[in-house]
Amino acid sequence: MKILVTGATGKLGSKVMASLLQQVPAGDLAVSVRNPEKAENLRAQGVDVRHGDFDAPETLDQAFQGIDRLLIISTDGDNETRIRQHENAVHAAERAGVKFIAYTSLANATESQNLMAPPHVATEAAIIKTGIPYTFLRNNWYLENEMGSIQAVEAGAPWVTSAGEGKVGWALQQD
C-alpha cells in the first residue's frame with residue numbers, strides 16, 4: 001500500500017511525515033511537494049518524492065499515480081484560491097484512482113460560521129462527490145497559531161480573544 005502526503009515540507013506536513021516514518025516503511029511513503037529540493041531529507045530516508053503543485057493540476061495527476069491512500073493537507077491563502085487548489089487535488093485523486101482520501105478540514109466545518117470554513121465545506125463536498133472513501137480530519141485550531149498572541153501577553157500585552165468566557169479546544173499540530 002502506497003501512502004502519499006501533500007504539503008509534506010510544511011509545518012503540519014513535516015510533523016505528519018516524521019510520525020509516519022516511525023510507523024510505516026519509507027518505501028511505502030510518497031510526498032507531493034511544490035519544491036522537491038526541499039524534500040531531499042525525505043528522499044534520503046527512502047521516501048518517494050514527487051512534484052505536485054495544487055496550481056498545476058497536471059503535476060498532481062502524475063504525483064498521485066499508483067497511490068492507495070492520500071492525505072490532502074489544506075493549503076494557505078484566500079478562500080477562492082484554496083477552493084480551486086483543493087478541488088484540483090480532489091479531481092486529480094479521482095483521475096489517478098486513489099482508493100482513500102483523508103483531508104485536514106476544520107472543526108464543525110459544515111456548521112461553522114468561521115471565515116475560513118468555505119474552502120473546507122467545498123473540499124469536503126468535492127471529496128464526497130467522487131465516491132472515494134474518505135475521512136475528514138476536523139482539527140481544532142492549532143495552539144501554534146496563537147504563539148504571537150501568547151508571546152505578546154508574556155511581554156505585557158492584554159489577552160484579546162473572541163472566546164469571551166467560553167472555552168477553547170486548541171490542539172498541538174503534533175497531536
Side-chain angles (χ1 to χ4, degrees), residues 1-79 81-93 96 98-107 109 114 116-117 119-120 123-124 126-127 132 134-151 168-175:
M1 174 175 53
K2 194 79 159 185
I3 300 168
L4 185 136
V5 175
T6 69
T9 57
K11 289 182 244 176
L12 178 60
S14 59
K15 290 178 174 114
V16 168
M17 287 306 298
S19 179
L20 282 173
L21 282 165
Q22 293 176 7
Q23 303 171 50
V24 177
D28 292 342
L29 298 173
V31 297
S32 171
V33 294
R34 285 181 301 205
N35 185 346
E37 293 78 33
K38 288 185 179 180
E40 283 304 318
N41 63 323
L42 294 170
R43 188 186 315 274
Q45 295 177 70
V47 174
D48 181 4
V49 175
R50 301 174 180 197
H51 175 244
D53 185 334
F54 281 33
D55 286 319
E58 67 281 0
T59 66
L60 298 174
D61 287 339
Q62 292 177 334
F64 296 171
Q65 284 300 313
I67 297 303
D68 299 297
R69 294 180 169 263
L70 171 65
L71 171 59
I72 299 174
I73 295 179
S74 59
T75 61
D76 289 330
D78 64 82
N79 285 352
T81 299
R82 294 174 78 198
I83 290 169
R84 179 179 37 77
Q85 290 174 333
H86 294 173
E87 287 180 349
N88 286 344
V90 171
H91 296 315
V98 169
K99 296 172 184 62
F100 179 86
I101 299 172
Y103 169 67
T104 59
S105 189
L106 177 80
N114 186 312
M116 293 186 294
H120 300 296
T123 305
E124 288 185 10
I127 291 169
I132 298 170
Y134 62 87
T135 295
F136 298 141
L137 305 167
R138 290 184 166 174
N139 305 345
N140 278 348
W141 188 250
Y142 297 124
L143 179 60
E144 289 88 345
N145 294 337
E146 297 296 327
M147 290 311 296
S149 296
I150 292 168
Q151 290 167 343
V168 295
W170 292 326
L172 294 173
Q173 286 177 337
Q174 187 60 46
D175 295 341

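Computed from a prediction, not measured in an experiment: that's the story for all the values here.
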Is the backbone of [Y] close enough, under 3.5 Å, to the side chain of [X] for a donor and an acceptor to pair up by distance?
X    : Y    : result
N88  : P57  : no
T104 : S74  : yes
N79  : P119 : no
K99  : I67  : no

Search all heavy atoms of [X] against all heavy atoms of [Y] and return the closest pair with its distance.
X    : Y   : value
F64  : A96 : O-CB, 3.5 Å
I73  : L12 : CG2-CD2, 4.2 Å
S32  : G52 : OG-CA, 3.3 Å
L21  : A26 : CD2-CB, 3.8 Å
Q85  : D76 : OE1-O, 4.0 Å
I101 : A93 : CD1-CB, 4.0 Å

*About how many Å separate CZ of R69 and CG of L4, when rounded to the nearest 0.5 Å?*
13.5 Å

*What distance separates Y103 OH from I127 CD1, expressed to the nearest 0.5 Å?*
7.0 Å

Report yes if the side chains of [X] and [Y] come closer than 4.5 Å at any heavy-atom pair, otherwise no.
X   : Y   : answer
F54 : I72 : yes
V47 : L20 : no
T9  : N35 : no

*asked:* Atom CZ of residue position R34 - does it have more than 12 heavy atoms of other residues, nucleotides or ligands inside 6.0 Å?
replied: no

*Just wondering, more than 12 heavy atoms not from Q62 lying within 6.0 Å of its CD?*
no

*Is any NZ, NE, NH1 or NH2 atom of the basic residue among R43 and E40 found under 4.0 Å from an Asp or Glu carboxylate oxygen of the other?*
yes

*Parallel, tilted or perpendicular, as decided by the 30° and 60° cut-offs, for the rings of H120 and H86*: tilted

*Decide side-chain contact (heavy atoms from CB on, under 4.5 Å) for R84 and D55; before the verdict, give the C-alpha distance in whole Å, the side-chain angles of both, and the deciding distance to 0.1 Å.*
CA-CA 8 Å; R84 179 179 37 77; D55 286 319; 2.6 Å; yes

*Apply side-chain contact (heavy atoms from CB on, under 4.5 Å) to the pair D28 and I3, showing each step before the final yes or no.*
CA-CA 6 Å; D28 292 342; I3 300 168; 5.7 Å; no

*For the side-chain contact (heavy atoms from CB on, under 4.5 Å) test, which of L70, V33, L60 pairs with T6?*
L70

